[in-house]
Student: 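Quick one: this structure, given as structure tokens, is what I'll be asking you about.
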2 protein chains.
Amino acid sequence: MVTKQVRRAPEDKDVTRADSLAREIFSGVANKWALLIINVLGEQTLRFTEVRTAVDGISHKMLTQTLRGLERDGLVHRTVYAEVPPRVDYRLTEAGGALRDTVNGMCAWTRRYLDEIEAARRRFDAQHNDAAHPPHTGTKD
Amino acid sequence: MVTKQVRRAPEDKDVTRADSLAREIFSGVANKWALLIINVLGEQTLRFTEVRTAVDGISHKMLTQTLRGLERDGLVHRTVYAEVPPRVDYRLTEAGGALRDTVNGMCAWTRRYLDEIEAARRRFDAQHNDAAHPPHTGTKD
DNA sequence: CGGCATCCCCCAGGATACTG
DNA sequence: CAGTATCCTGGGGGATGCCG
């Protein structure tokens, strides 16, 4: 027993391969709830309800479920206190913190390009709503 | 007509608010297909089929649909050539490229923590599969 | 308070097929 | 080759209720 590293095929680290482990992990994390939770956790340690409040709009179920997934992957650490009104809190692990750095980037990106994107949408929608599918004779009846 | 910037409430740029524009944009982009497409586009210009090949496992429908969304948000630019076997290619816009930088970070993160995560999963699963819910008398029948 | 289970609905998303 | 439309199923995700 040499505590040997798993022999891993390089393709397994390739996100573009549909069946790679990398893709599975990436897919598991690349969803809004996971990323938003990672984001609000940041440096702080939060209780279940606090996370719920911080991530506005998330349902009780999705919060539990997503937190479980993150815990399973070792991205958040869960601490249970044996108190009578139960107290459980969550904080990012080192891996979680590392991911959070990139999530931060996405949030910053969102703010940075928000106006631009909104404008792009308006242009696109204007372009594609009417004026599309000109039947035969244009605007004329 | 002063080409005035839209008067935008600061909350609108706050990803944590469920009804903010920021949240909507973030949510739209925080899904695996969008991120994977952004990722493979990178610096290159690719045709529809090439993207399809590069993003292994994506269905024809999801590719079209996601590309449309990205085009609408102004993250990818779509060029149509009037050739007889139709040729359409896609490349990232500046905004798309900026997002791609963070996506790159996520991919790197995935590779970096892949083994760690896999190990964490095994630990978690071992912990929660059996040994959980000890009926009454333990292993004894 | 936090977790889990259950019910249920709706839509993401796959498969297939037809146009230009 | 690229796009659109249709059909159909799985599961994402909300609401509710019961435990520890």
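Quick note: numbers below take in every heavy atom, side chains included, and nothing from hydrogens, waters or symmetry partners.
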Student: Which residue pairs pass the salt bridge (charged side-chain N to carboxylate O under 4.0 Å, His left out) test with at least one member in residues 14-39 of chain B, sequence neighbours excluded?
Tutor: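 Every salt bridge (charged side-chain N to carboxylate O under 4.0 Å, His left out) pair that includes a residue of residues 14-39 of chain B, provided the two are not neighbours, is A/Arg121-B/Glu24.
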
Student: Just by distance, do the side chain of B/Thr93 and the backbone of B/Gly74 share a donor-acceptor pair under 3.5 Å?
Tutor: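 Flag set: sc B/Thr93 to bb B/Gly74 pair under 3.5 Å.
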
Student: What does B/Arg52 touch in the nucleic acid at a heavy-atom separation under 4.0 angstrom: a base, only the sugar-phosphate, or nothing?
Tutor: nothing

Student: Name each donor-acceptor pair under 3.5 Å that joins a side chain in residues 97-111 of chain A to protein atoms two or more places apart or in another chain, with its distance.
Tutor:
residue	atom	partner	partner atom	Å
A/Thr102	OG1	A/Leu99	O	2.9
A/Trp109	NE1	B/Ala95	O	3.0
A/Thr110	OG1	A/Met106	O	2.8

Student: To the nearest Å, give me how far apart CG (A/Leu63) and P (D/dG12) are.
Tutor: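 Going from CG in A/Leu63 over to P in D/dG12 covers 16 Å.
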
Student: Taking only residues at least two apart or on different chains, which pairs with a member in residues 47-69 of chain B satisfy salt bridge (charged side-chain N to carboxylate O under 4.0 Å, His left out)?
Tutor: B/Arg68-B/Glu71

Student: Looking only at atom types and distance, does a side-chain atom of B/Gln44 sit under 3.5 Å from a main-chain N or O of B/Val40, one as donor and one as acceptor?
Tutor: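 A pair under 3.5 Å: yes.
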
Student: With a 4.0 Å cut-off on heavy atoms, is A/Tyr81 in touch with a base, just the backbone sugar-phosphate, or nothing at all?
Tutor: nothing

Student: May I ask you to verify if any side-chain N or O of A/Tyr90 is less than 4.0 angstrom from the OP1 or OP2 atom of C/dC1?
Tutor: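 Result: no.
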
Student: Give the B/S/- string for nucleotides 13-20 of chain D, one per nucleotide from 5' to 3', where a protein heavy atom under 4.0 Å of the base yields B, of only the sugar-phosphate yields S, and otherwise -.
Tutor: BBB----B

Student: Would you say the side-chain atoms of A/Asn31 pair up with the backbone N or O of A/Trp33, donor to acceptor, closer than 3.5 Å?
Tutor: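 Here the side-chain-to-backbone pair exists.
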
Student: Just how far, in rounded Å, is P of C/dG3 from CG of A/Leu67?
Tutor: 7 Å

Student: Got a sec? Which of residues 69-80 of chain A come in under 4.0 Å of DNA chain D, heavy atoms?
Tutor: none

Student: Output the rounded distance in Å from CG (B/Leu46) to C1' (D/dC1).
Tutor: 15 Å

Student: If you only use heavy atoms from C-beta on, which nucleotide in C/dG3, D/dC1, C/dC1 is closest to the side chain of A/Arg47?
Tutor: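 The closest nucleotide is C/dC1.
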
Student: Can you list everything that forms a ring-ring contact (aromatic ring centres under 6.0 Å, His included) with B/His60? Sequence neighbours excluded, please.
Tutor: B/Phe48

Student: Would you kindly confirm whether A/Leu92 and A/Leu63 end up in one hydrophobic cluster when ILVMFWY residues are joined by side chain heavy atoms under 4.5 Å apart?
Tutor: yes

